[in-house]
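Basis for what follows: all heavy atoms, side chains included, without hydrogens, waters or symmetry-related copies.
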Amino acid sequence: MRNRRPIVFAAALTAGALLAGSAALAADPIRIGFLSTFSGPGGQLGQELLDGFELGLAATGGTLGGRAVEVIKGDDQAKPDVGRQVADKMVERDKVQILTGVNFSNVLLAVAKPALDAGAFVVSVNAGPSQYAGAQCNPHFFAASFQNDTSSEAMGLEATKRGIKKMYLMAPNYPAGKDFLAGFKRTYKGAVVGEVYTAFGQLDYAAEIAQLRATAPDGVFFFYPGGMGINFVKQYDQAGLKKTIPLFGPSFSLDQTVLPAMGEAAVGAFAATHWAEDADDAPSKKFRADFEAKYGRLPSPNAAQAYDTVMALDAALKSIGGKIEDAAAFQKALETVKFDSLRGHFRFNRNHYPIQDFWLAEIAADAKGRPILSKRSLIAADHADAYVDKCAMK
Amino acid sequence: MTFALFAEQLLNGIQFGVTLFLMASGLTLVFGIMNFINLAHGSLYMAGAFLAAAVQAATGSFLLGVLVAIPATAALGAALEFGLFRRFYARNHLDQVLVTFGVVLMANEATRLIFGPVPLRMPLPEALAGSIEIVPGLVYPTFRLVVLAVGLAVAGLLWLVVMKTRLGMWVRAGSSNRAIASAMGVDVGLVFAGLFAFGAGLAGLAGLMAGPILAVQVGMGEPILILALVVTVIGGIGSIRGAFAAALLVGLVDTFGRVMLPPALGSMAIFLLMALILAFKPKGLFPVHG
């Protein structure tokens, strides 16, 4: 045994060298900058997106459109200025052709323009700010995820359909919080009996929950990402309100990044979502099984979007023989891309934001007792965002 | 605001206050007596929550989680004190801030490595999970009442120990004048180490009691640390009595500020309070050092 080991090593090295050599001969790899939040409390979401993205690349054999891919990762620390520095380095020094990964809209707004100006494509796996959906829409900017307002709009439609007369709204006091509540109010026809903005990062919601109870609404629509959502949902359940005043939220308040920590407290809440863990189409089943096998946990819709982004890029690049250098052809290919989306119906609108279905999901325990988003009914088919009319795409 | 709602908000404020007191009492003793700024106090709070949640997940027993987490956090505190912090008592505050901040960063990353990025689950036992009607029209979560009771009990116990025992006398002596206390034969090193471990245990207790209410996640110690520092400063550094009064004040002002003031003003009410108090009483409500 001892003697054989060097031979095995030598063989492996040779094989590796041959592989590397042949890839370099075929074409240079496509360089992708994956800028996301990997540290601090927002670090979990960045990891979730990266896991989905890398699972997608594993499914395509580490290639896009037949070409090898080099992914350069960067941490924006959830700060626009830090994100800008890292993105500039990725674009100028690493010459990335696609910038992706960003989870926070304020970071994306800071990094997109310089990257686009330098000639790179920006393909968002998560953040979907309204600016790039409307007047600022850009030929090289694509959001493969969603426009920020759309899942709230879907929940507004659902709440109206259910005949909920009095709704109480809660969100953190920051731009995305206001956007999510604005999206809900755009489509909700009942009365808003309370609209409360709490400090970003607030820990204890007992005071707000007491005020809420005194108002006696028929439902609560809330948007609290990350730890804030865990705090709020646990405390809401402990206050004994879950059964009498149901909770409604966008999927971002109730996905697998927070559900394991919420546990029983979240069961019975409703979410509007573009993907759910119990989706029973073949691509989703495979995705869920692969994700669980690789990472030992269930995926969130965010991971599904990131996986979908890889599939869209791969399909678009395949149709043009991998020639990402031909920007006009790549743009055209992405605009008309057809791929097996985990979300079923998916296509890019004129403003390069998705037209997709939104589902009502209820938080329920799966066979192993883990809380998941469980599909109930279709809320809106082929839902487009509200900003597309302001976009004059070149 | 009806009477029931007012009473509920009052309970919320006091309950939030006693949680802050558990954090601030350890911080103020360490700061006041050892003249040591410990930013890693929030990491000990996080350790308490994670240890309790992990033990509970492994054994299914909330009580066992509590029984393991408090001494384990105290031991962690003692190890930090013995291995690292005692070398920094004689250094200036900037060095102390740097080293303890370094510990905060390392603790966060280590926790992420050990427990993964997903926040942990910490469900309550059946008996504490619901809410009870204290008087007709006033429904309050059972566990928050438990937190309230434990917090008040610890405050009472601390007062007894500090004011009525020989150990407390040493602590007060060290707090008032470290050099003289040392000259009078108090084994300062031992008192410091014991005190640090005790403060760490209190932070662990605060953390594990926050676990069922708040998210058990990496970085959970920092927001509460900032509030505890505010409490420490308002109360007067080194004063247990001051920390208790200031914690209740901050809890009440924060709770009523949030529901009665516009959001921007409500979220900074406690900082306005701090500025106001420091303007008139620069050493806090109950200053210790002459």
Tell me, out of [options], who's got the most heavy-atom pairs with chain B below 4.5 Å.
{"options": "A/T257, A/D237, A/L203, A/V258", "answer": "A/L203"}
{"options": "A/G240, A/G229, A/A210, A/A265", "answer": "A/A210"}
{"options": "A/A239, A/G226, A/A206, A/G201", "answer": "A/A206"}
{"options": "A/E48, A/R213, A/R297", "answer": "A/R213"}

What part of [X] gets within 4.5 angstrom of chain B, counting heavy atoms only: side chain, backbone, both, or neither?
{"X": "A/Q202", "value": "side chain"}
{"X": "A/F200", "value": "neither"}
{"X": "A/A214", "value": "side chain"}

Under 4.5 Å heavy-atom distance to chain A, tell me which part of [X] shows up: side chain, backbone, both or neither.
{"X": "B/Q15", "result": "side chain"}
{"X": "B/L120", "result": "backbone"}
{"X": "B/P119", "result": "both"}

Minimum heavy-atom separation for B/R121 and A/G263, please, with both atom names. NE-CA, 3.2 Å
Quick check: are there more than 12 heavy atoms from other residues, nucleotides or ligands sitting under 6.0 Å from [atom1] of [X]?
{"X": "B/E126", "atom1": "CD", "answer": "no"}
{"X": "A/E195", "atom1": "CD", "answer": "yes"}
{"X": "A/Y174", "atom1": "OH", "answer": "yes"}

Atom CD in A/E208, atom OG1 in B/T255: separation rounded to 0.5 Å? 8.5 Å
With rounding to the nearest 0.5 Å, note down the distance linking CD1 in A/I230 to CE in B/M122. 13.5 Å
Check this for me, if you would: do A/D204 and B/R258 make a salt bridge, where the nitrogen-to-carboxylate-oxygen distance has to be below 4.0 angstrom? no
Note: vs chain A, highest number of non-hydrogen pairs under 4.5 angstrom among B/A4, B/G116, B/A210, B/P212 is B/P212
Is any side-chain heavy atom of B/R112 closer than 4.5 Å to a side-chain heavy atom of A/Q44? no
Are any of the side-chain heavy atoms of B/L214 and A/Q235 separated by less than 4.5 Å? yes
Is a side-chain N or O of A/Q238 found less than 3.5 angstrom from the main chain of B/L124, in a donor-acceptor match? no
